[in-house]
Amino acid sequence: MTGTRVLVLNSGSSSLKYQLLDMGDGGRLAQGLVERIGEETSRLKHTPLRAGASAASRERTGPIPDHEAALKAVADELGLDGLGLDSPELAAIGHRVVHGGQRFTEPTVIDDAVLAEIERLIPVAPLHNPANLTGIRTARALRPDLPQVAVFDTAFHTTMPEAAARYALDTAVADAHRVRRYGFHGTSHAYVSRATARLLGRAPEEVNVIVLHLGNGASASAVRGGRCVDTSMGLTPLEGLVMGTRSGDLDPAVIFHLARVGGMSIDEIDTLLNKRSGLIGLCGDNDMREIRRRVDEGDERARLAFDIYIHRLKKYIGAYYAVLGRVDAVAFTAGVGENAAPVRAAAVAGLESLGLAVDADLNAVRGDGARLISPAGARVAVAVVPTDEELEIATQTYALVRKTN
Ligand code: AMP
């Protein structure tokens with residue numbers, strides 16, 4: 001293996017996100033997004049990122065019928081920057097795969113058997129795994145000679161003890177249908193927990209971290225010495241925190257009630273809980289910027305949505321504090337966690353007796369890198385740690401292909 005470049009692909013049902021990284025120096029060469037694949041109004045936005053290549057983004061609009069055409073269009077764009085997928089510099093393609101079940105605990109070189117197993121997991125990830133598979137098949141067809149690696153969103157959570165991973169259900173029924181807590185956003189939780197240890201100047205094995213990944217989807221995890229011991233998402237990404245459009249935790253009897261009394265079908269309830277609940281269901285907005293603007297204007301619905309979001313978040317901080325016993329750091333990440341100072345302040349407000357506090361000035365500072373926002377000398381560090389799932393996927397992919405070549 002001579003090349004040092006890794007192409008990271010994140011294939012959704014109608015989108016393809018990509019980043020090309022050079023693992024020689026960890027630098028990013030290009031990134032982009034194809035949206036609305038299969039529609040008349042598809043759009044490709046490509047951004048070269050290195051000196052030497054044009055820095056301005058390029059956009060193409062017009063029909064891109066399927067993922068194969070999308071990847072070919074991406075390859076063309078990369079080719080224009082001298083970064084074509086036929087280059088010997090390309091060492092591997094790393095794919096984000098949402099669900100790896102219990103079988104995939106590590107990044108895995110993709111062969112036919114691995115593809116078949118990812119396919120077998122579709123019933124537990126019906127929205128995500130089919131799209132991920134399409135991306136993998138397309139990339140394999142384009143470069144059959146190149147190692148392709150699957151990096152699973154669930155893998156980091158496979159270290160959870162059974163006490164955290166099992167629901168209190170009839171064991172035979174749960175096992176027959178593979179019903180257990182898998183957790184998601186694992187690549188982000190892995191990256192952020194390690195980056196938090198680095199920020200503290202300590203080895204990941206030495207520190208216990210609560211990671212709060214607060215994006216449009218949101219999840220918390222308890223990480224003891226670099227290993228995940230609990231996380232808030234479960235069989236699917238619906239469990240846990242209040243999210244942009246997902247309800248998070250609720251009494252399962254709500255579903256029976258809506259079916260029996262509300263006359264709703266299972267599919268309608270599925271859509272309600274995944275797409276029309278959470279912040280958008282509570283106040284009509286799922287963008288935290290807009291919600292904060294409304295709160296500042298005195299909007300009561302937005303205020304209540306914010307309060308419910310924070311109440312749940314605080315419960316998870318407390319729960320994971322108890323799970324870990326000793327906490328060295330709480331790390332906020334993703335769109336809301338990295339940008340919304342009022343969310344961070346409200347989430348730890350009143351937790352001083354647990355050693356948790358936020359310094360108002362540090363919290364208000366905007367910045368790109370990992371930074372502490374707790375007062376000097378605080379017992380527990382509170383940090384903002386930007387996540388970088390693409391870098392983590394590329395790092396894991398490159399390490400694996402170097403080891404196996
Ligand atoms: P993600 O899923 O990590 O891309 O996060 C997307 C979410 O981050 C958006 O829906 C917003 O709610 C939130 N967000 C992004 N930028 C900001 C900001 N400057 N202030 C508050 N929230 C933000």
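One-based numbering, in listed order, for ligands and for the atoms of each. One is the number of the first residue; the rest follow in order along the sequence.
Counting protein heavy atoms only, atom 11 (C) of ligand 1 is closest to Asp287 OD1, 3.5 Å. Atom 2 (O) of ligand 1 has as its closest protein heavy atom Asn216 N, 2.9 Å. Closest to atom 13 (C) of ligand 1, if we only count protein heavy atoms, is Val336 CG2, 3.6 Å. The protein heavy-atom contact nearest to atom 20 (N) of ligand 1 is Arg289 CG, 3.2 Å. For atom 10 (O) of ligand 1, the nearest non-hydrogen atom of the protein is Asn286 O, 3.8 Å.
Selection from Met243, His213, Met288 by nearest heavy atom to atom 22 (N) of ligand 1 gives Met288. Summarising the contacts of atom 18 (C) of ligand 1 with Thr333, Asn339, Ile280, the nearest heavy atom is found in Asn339.
At a 3.5 angstrom cut-off on N or O pairs, Gly335 counts as close to ligand 1.
Checked options Lys45, Gln19, His46, Glu390; the residue passing with Gln31 is Gln19 (criterion: side chain to side chain donor-acceptor pair (under 3.5 Å)).
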CA sep, side-chain torsions, deciding dist, call: Asp388, Arg28, salt bridge (Lys or Arg N to Asp or Glu O under 4.0 Å): CA-CA 12 Å; Asp388 195 336; Arg28 254 161 267 255; 2.6 Å; yes
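Of the N and O atoms on the side chains of His67 and Thr134, not one donor lies less than 3.5 Å from an acceptor on the other residue. Side-chain contact, Asp359 with Asn363: no donor N or O sits under 3.5 Å from an acceptor N or O. Of the N and O atoms on the side chains of Arg224 and Asn208, not one donor lies less than 3.5 Å from an acceptor on the other residue. Judged purely by distance below 3.5 Å, without hydrogens or angles, the side chains of Thr158 and Thr105 never pair a donor atom with an acceptor atom. No side-chain N or O of Asn132 forms a donor-acceptor pair with one of Ser11 less than 3.5 Å apart.
Under 4.0 angstrom from ligand 1, there are no non-hydrogen atoms of Val343.
For Ser277, the side chain to side chain contact (heavy atoms under 4.5 Å, CB included) test picks out Ser247, Leu272, Leu273, with sequence neighbours left out.
Judged by the shortest distance from any of its heavy atoms, Arg366 lies inside the 4.0 Å radius around the atoms of ligand 1.
Shown in contact with Ala340 at under 4.0 Å from a heavy atom are these atoms of ligand 1, numbered in order with element: 21 (C). Close contacts of ligand 1 with Gly215, meaning ligand atoms under 4.0 Å from a residue heavy atom, involve 1 (P), 2 (O), 3 (O), 5 (O). Shown in contact with Ala334 at under 4.0 Å from a heavy atom are these atoms of ligand 1, numbered in order with element: 3 (O).
At most 12 heavy atoms of other shown residues, nucleotides or ligands fall within 6.0 angstrom of atom CZ in Arg227.
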